[in-house]
Amino acid sequence: QVQLVESGGGLVQAGDSLRLSCAASGRTFSSYAMGWFRQAPGKEREFVAAIRGTTYYADSVKGRFAISRDNAKNTVYLEMNSLKPEDTAVYYCAAKNDPLGSYRTRVNYDYWGQGTQVTVSS
């Protein structure tokens, strides 16, 4: 069992930066792939980024967002730069145990956090 708690969301202006954190419980954190997804009002939850050894990004955030992890702290981060109003969403952290399967598909993730709101004003 893994419990995930996101933090770091907030209200920022377009062009600003924000760093999200996701703290995980459990001793096997390093064995999980970790992902970030987001869900805007009226839209489906979409993939943002993932990391195991390699990192993966959605095209919409590539070059602006960076995912990283600190296994000693059981924490995964999402550094978000050059934020745009279209980045406004609830951001969710997720953990994926099975090394097989796409990192971009939400159904492949086993555990989810409660989400943190990111609002980018124009």
Side-chain angles (χ1 to χ4, degrees):
Q1 187 78 8
V2 176
Q3 293 185 325
L4 304 172
V5 179
E6 302 97 333
S7 61
L11 172 63
V12 297
Q13 293 186 335
D16 284 352
S17 298
L18 205 59
R19 188 175 81 158
L20 305 183
S21 299
C22 173
S25 66
R27 300 180 179 178
T28 59
F29 173 77
S30 61
S31 68
Y32 286 84
M34 299 300 297
W36 286 97
F37 287 73
R38 67 186 182 186
Q39 188 167 17
K43 295 186 177 181
E44 292 193 353
R45 194 170 300 189
E46 65 176 6
F47 170 76
V48 175
I51 183 170
R52 189 183 283 272
T54 307
T55 56
Y56 307 84
Y57 295 97
D59 288 342
S60 59
V61 306
K62 196 173 296 183
R64 299 189 298 123
F65 290 14
I67 187 171
S68 62
R69 66 191 297 165
D70 185 337
N71 290 334
K73 295 183 177 180
N74 280 15
T75 302
V76 62
Y77 304 98
L78 185 67
E79 184 75 35
M80 305 185 294
N81 300 309
S82 302
L83 282 161
K84 304 175 181 180
E86 50 264 44
D87 294 319
T88 295
V90 177
Y91 283 71
Y92 296 90
C93 172
K96 179 178 180 296
N97 188 27
D98 191 341
L100 301 178
S102 172
Y103 294 100
R104 302 174 183 271
T105 305
R106 62 184 182 181
V107 296
N108 290 337
Y109 286 79
D110 304 287
Y111 303 102
W112 292 85
Q114 83 289 347
T116 185
Q117 176 71 46
V118 172
T119 303
V120 185
S121 64
S122 57

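Values below: all heavy atoms of this structure, side chains included; hydrogens, waters and symmetry mates excluded. The structure presented is a predicted model; accordingly, all values stated were derived computationally and were not measured.
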[X] (side chain) donor-acceptor with [Y] (main chain) under 3.5 angstrom:
X: Ser122; Y: Pro85; result: no
X: Ser30; Y: Thr28; result: no
X: Thr116; Y: Gly9; result: yes
X: Asp110; Y: Asn97; result: yes

Does [X] share a hydrophobic cluster with [Y], counting links as ILVMFWY side-chain heavy atoms below 4.5 Å and allowing steps through other members?
X: Tyr109; Y: Val2; answer: no
X: Phe65; Y: Val120; answer: yes
X: Val48; Y: Val90; answer: no
X: Leu83; Y: Leu78; answer: yes
X: Tyr77; Y: Tyr91; answer: no

Going by heavy atoms in the side chains, are [X] and [Y] under 4.5 Å from each other?
X: Tyr92; Y: Gln39; answer: yes
X: Val118; Y: Leu18; answer: yes
X: Tyr103; Y: Arg52; answer: yes
X: Cys22; Y: Trp36; answer: yes
X: Ser21; Y: Glu6; answer: no
X: Gln117; Y: Thr88; answer: yes

- Honestly, is Arg45 close enough over Trp112, meaning NZ or CZ under 6.0 Å from the six-membered ring centre and within 45° of the axis? yes
Is the Lys NZ or Arg CZ of Arg104 less than 6.0 Å from the centre of Tyr57's six-membered ring, within 45° of the axis?
no
Spacing of [atom1] belonging to [X] relative to [atom2] belonging to [Y], to within rounding of 0.5 Å:
X: Tyr111; Y: Leu4; atom1: OH; atom2: CG; answer: 9.5 Å
X: Phe37; Y: Thr105; atom1: CZ; atom2: OG1; answer: 7.0 Å
X: Asp87; Y: Asp16; atom1: CG; atom2: CG; answer: 11.5 Å
X: Asn74; Y: Gln3; atom1: CG; atom2: CD; answer: 12.5 Å

- Arg19/Met80 under side-chain contact (heavy atoms from CB on, under 4.5 Å): CA gap, chis, key distance, verdict: CA-CA 6 Å; Arg19 188 175 81 158; Met80 305 185 294; over 6 Å; no
On a heavy-atom basis, the closest approach of Arg64 and Ser82 is NH1-O, 2.9 Å
Give the intermediate values and the outcome of side chain to side chain donor-acceptor pair (under 3.5 Å) for residues Asn108 and Arg106. CA-CA 5 Å; Asn108 290 337; Arg106 62 184 182 181; over 6 Å; no
Check: Do the two ring centres, one from Tyr56 and one from Phe47, sit under 6.0 Å apart?
Finding: no
Inset, instruction - Using the side-chain contact (heavy atoms from CB on, under 4.5 Å) rule, take Arg38 and Lys43 through it: C-alpha gap first, then chi angles, then the decisive distance, then the call. - result: CA-CA 9 Å; Arg38 67 186 182 186; Lys43 295 186 177 181; over 6 Å; no
Inset, instruction - Go through the steps for Ser68 and Glu79 under the test side-chain contact (heavy atoms from CB on, under 4.5 Å), then give the verdict. - result: CA-CA 8 Å; Ser68 62; Glu79 184 75 35; over 6 Å; no
**Prompt:** With a 3.5 Å cut-off and no angle check, do the side chains of Asp70 and Thr75 form a donor-acceptor pair?
**Reply:**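 Side chains of Asp70 and Thr75: no pair found under 3.5 Å.
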Next item on the list: Please lay out, stage by stage, how Ile67 and Val76 fare under the test side-chain contact (heavy atoms from CB on, under 4.5 Å).
Entry: CA-CA 7 Å; Ile67 187 171; Val76 62; 3.9 Å; yes
